[in-house]
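First the structure, in the form of structure tokens, and then the observations on it.
For the numbers below, each heavy atom of this structure counts, side chains included, while hydrogens, waters and symmetry mates do not. Numbers restart at 1 for each chain; the letters A, B, ... are given by sequence-line order, proteins then strands.
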Protein chains: 2
Amino acid sequence: MPAAQPSASPDCTVRGSTVQEGASASRAKGRPRSAAADLAILDATRETLAELGWGGLTMGHVATRAKVAKTTLYRRWPSKNELVVDAVASLFDELVMPDLGSLRSDIQAVVTQFADLLARPETQAALLALFAEGTRDPQLRRRIREAIVDPQKRLVRQGRAAAQARGELEPDTDAESAREEVDIIFDTIAGTVEHRVLVSGEPITAEWTSRFTDLLLGPLTAA
Amino acid sequence: MPAAQPSASPDCTVRGSTVQEGASASRAKGRPRSAAADLAILDATRETLAELGWGGLTMGHVATRAKVAKTTLYRRWPSKNELVVDAVASLFDELVMPDLGSLRSDIQAVVTQFADLLARPETQAALLALFAEGTRDPQLRRRIREAIVDPQKRLVRQGRAAAQARGELEPDTDAESAREEVDIIFDTIAGTVEHRVLVSGEPITAEWTSRFTDLLLGPLTAA
DNA sequence: TGCTTTCGCTACGGGTCGTAGCGTAACTGG
DNA sequence: CCAGTTACGCTACGACCCGTAGCGAAAGCA
């Protein structure tokens with residue numbers, strides 16, 4: 001398995017005081033943080049997640065596995081939740097919107113990609129646990145949305161744009177209405193696949209994907 | 001808020017040995033278990049869940065609140081997870097399939113009911129956490145499916161049957177195909193509403209429900 | 001009146017979280 | 001080259017929770 005590329009925002013804590021002082025780009029003064037440690041910690045988090053699941057993920061384990069002191073983890077992330085957000089977010093970056101020539105095949109491709117991602121043990125162990133914590137901690141939920149959920153809405157937007165360019169969909173008339181439509185499509189795809197895989201525990205077959213795509217295409221397939 | 005009726009299966013552990021001996025219905029011999037304690041524990045679990053969330057739910061808290069010794073909890077449920085399954089399952093029994101005269105209004109009514117249920121703090125705190133644990137513990141997942149998920153599929157079946165009786169839907173041709181259709185519809189409704197409420201964190205408005213229903217009805221609305 | 005099982009209580013071992021204190025390592029500016 | 005600043009590894013700690021064990025007492029049955 002290829003090592004996932006580091007997340008866009010490796011650090012979670014701010015170096016120095018909270019108030020921004022002096023120049024905008026503060027030149028670090030002391031010993032710089034080890035970038036290798038960042039990667040080692042995130043990798044160790046994903047590996048431990050895959051092997052032991054959320055319940056078995058302890059800061060001690062991660063630290064040992066990353067060959068790093070436990071205190072080093074707490075210097076970067078305030079809590080286990082934030083660490084896992086960063087560790088998991090990068091997994092979603094591999095999702096891409098292909099342009100296969102028809103809206104139907106594009107949707108099927110994305111659904112299949114998402115199903116494969118959810119089949120991986122580290123995703124499976126972390127995603128729902130993270131969402132669960134998010135229901136209680138509004139700040140964590142915001143981080144989840146910013147790092148994981150919202151970035152993936154690009155897939156829906158890209159797919160819509162391609163279909164509009166092909167003439168399969170009407171062009172947008174109202175920006176607000178378009179945004180709501182993107183949201184509803186996204187929630188439907190993400191929620192349904194998650195529920196099927198993680199709750200019902202049944203596999204995503206090609207036939208299921210085909211049926212589900214029919215549902216999503218809705219009125220278009222009636223013609 | 002009205003006290004929820006007790007779950008169908010109050011006990012989780014078997015009294016006596018695992019091997020079934022003698023008569024089928026084993027007549028209890030010693031001091032019987034307090035039925036009042038069962039209800040007090042389940043109520044205390046829901047209340048604590050609503051106030052402190054999953055993370056704040058400890059067996060000690062529940063025991064204290066139910067005015068019961070902690071050991072009494074462990075005599076009935078082997079672990080926190082199983083206790084919460086029973087405590088939460090009864091919340092879902094209040095969902096009903098109304099017969100409002102059209103498939104469209106029936107769907108909207110159920111979606112609204114489900115959204116209201118998910119808006120309640122005890123449901124919100126417990127459901128995703130439970131699902132998350134279920135991804136790691138196959139036995140717990142089975143209990144979740146049997147106690148929470150599968151029973152609610154009746155709603156989809158009832159709605160379909162009513163629509164078929166009205167002539168809005170074609171009668172079933174193949175039993176297997178019908179079962180798959182029920183599954184896909186159920187996963188779509190449950191998953192999408194859960195994702196919208198619990199992950200995206202946005203409210204379910206009447207307008208959203210209307211749009212989502214359009215999506216579900218699919219080809220029918222094109223006519 | 002015995003027998004059986006539950007009940008409340010107290011205490012315990014094992015594990016995790018997140019923090020504090022220390023001496024040392026790395027890097028920067030004078 | 002040397003002081004200042006920051007990160008690092010290590011160890012230890014208090015607080016909390018889990019799940020179990022042991023005890024005497026209570027509540028039903030034969």
Side-chain angles (χ1 to χ4, degrees), chain A residues 10-18 21-23 25-41 44-45 48-49 52-84 129 133 137 140, chain B residues 10-18 21-23 25-41 44-45 48-49 52-84 129 133 137 140:
Chain A
D11 272 15
C12 190
T13 51
V14 191
R15 204 214 270 245
S17 69
T18 51
E21 57 203 318
S26 64
R27 193 69 226 105
K29 284 220 136 186
R31 173 178 176 174
R33 283 197 183 161
S34 160
D38 280 307
L39 297 185
I41 292 169
T45 303
T48 309
L49 228 30
L52 303 178
W54 175 272
L57 181 78
T58 71
M59 300 300 256
H61 272 152
V62 174
T64 304
R65 179 161 221 151
K67 295 191 209 305
V68 147
K70 199 172 59 160
T71 42
T72 300
L73 269 68
Y74 284 103
R75 277 193 200 97
R76 290 163 163 74
W77 292 275
S79 171
K80 191 162 80 166
N81 296 333
E82 279 83 359
L83 168 60
V84 176
E133 301 279 335
D137 181 345
L140 179 63
Chain B
D11 272 16
C12 190
T13 52
V14 191
R15 203 214 272 246
S17 68
T18 51
E21 55 201 319
S26 65
R27 194 68 225 104
K29 283 223 137 188
R31 173 177 175 176
R33 284 197 183 160
S34 160
D38 280 307
L39 297 184
I41 292 170
T45 303
T48 309
L49 229 29
L52 304 178
W54 175 272
L57 181 79
T58 72
M59 298 301 256
H61 271 152
V62 174
T64 304
R65 179 161 221 150
K67 293 191 212 307
V68 146
K70 198 173 58 159
T71 42
T72 299
L73 268 69
Y74 284 102
R75 278 194 198 95
R76 291 164 163 73
W77 291 275
S79 170
K80 192 163 80 165
N81 296 333
E82 280 82 0
L83 168 59
V84 176
E133 301 278 337
D137 181 346
L140 178 63

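Side-chain atoms of B:Ser34 and base atoms of C:dC7 include no donor and acceptor less than 3.5 Å apart. Side-chain atoms of A:Lys70 come within donor-acceptor range of the base of C:dG18, with a qualifying N/O pair under 3.5 Å. No N or O donor and acceptor, one from the side chain of B:Lys29 and one from the base of D:dG28, sit under 3.5 Å apart. With hydrogens and angles ignored, a donor-acceptor pair closer than 3.5 Å exists between the side chain of B:Arg31 and the base of C:dT6.
Under 4.0 angstrom from either OP1 or OP2 of D:dG9 there lies at least one side-chain N or O belonging to A:Thr72.
At least one donor-acceptor pair under 3.5 Å links the side chain of B:Ser34 to the backbone N or O of B:Ala37. Without hydrogens or angle criteria, A:Thr58 side chain to A:His61 main chain gives a donor-acceptor distance under 3.5 Å. Panel note: side chain B:Lys80, backbone B:Leu57; a donor-acceptor pair is recorded below 3.5 Å.
Using a cutoff of 4.0 Å between basic side-chain nitrogens and carboxylate oxygens, A:Arg76 and A:Asp38 are scored as salt-bridged.
Rounding to whole angstrom units, CG of residue A:Leu83 and P of C:dG18 are separated by 11 Å. Rounding to whole angstrom units, CE of residue B:Met59 and P of C:dT10 are separated by 19 Å. Summarising the geometry, the separation between CG on B:Leu52 and C1' on D:dC17 is reported as 14 Å, rounded to the nearest angstrom. Taking atom OH of A:Tyr74 as the reference point, atom P of C:dT16 lies 11 Å away to the nearest angstrom. Between the P atom of C:dG8 and the CZ atom of B:Arg33 lies a distance of 12 Å, rounded to the nearest Å. In this structure, A:Arg65 atom CZ and D:dG9 atom P are separated by 17 Å, rounded to whole Å. When rounded to the nearest whole Å, the span between CH2 of B:Trp77 and C1' of D:dT20 equals 18 Å. Per the geometry, NE2 belonging to B:His61 stands 14 Å off C1' belonging to D:dC18, to the nearest Å.
With distances taken from any side-chain atom of B:Lys80 to the nucleotides D:dC18, D:dG9, C:dC7, the minimum falls on D:dC18. Comparing D:dG9, C:dC7, C:dG18 against the side chain of A:Arg75 picks out D:dG9 as the nearest.
For A:Ser79 and B:Lys67, each mapped to the nucleotide of DNA chain C holding its nearest heavy atom, the one lying further toward the 5' end belongs to B:Lys67. Both A:Thr71 and A:Leu57 lie close to DNA chain C; mapped to their nearest nucleotides by heavy-atom distance, the more 5′-ward contact belongs to A:Leu57.
Two residues are said to be in side-chain contact when any heavy atoms from C-beta on lie closer than 4.5 Å; A:Val84 and A:Trp77 fail this criterion.
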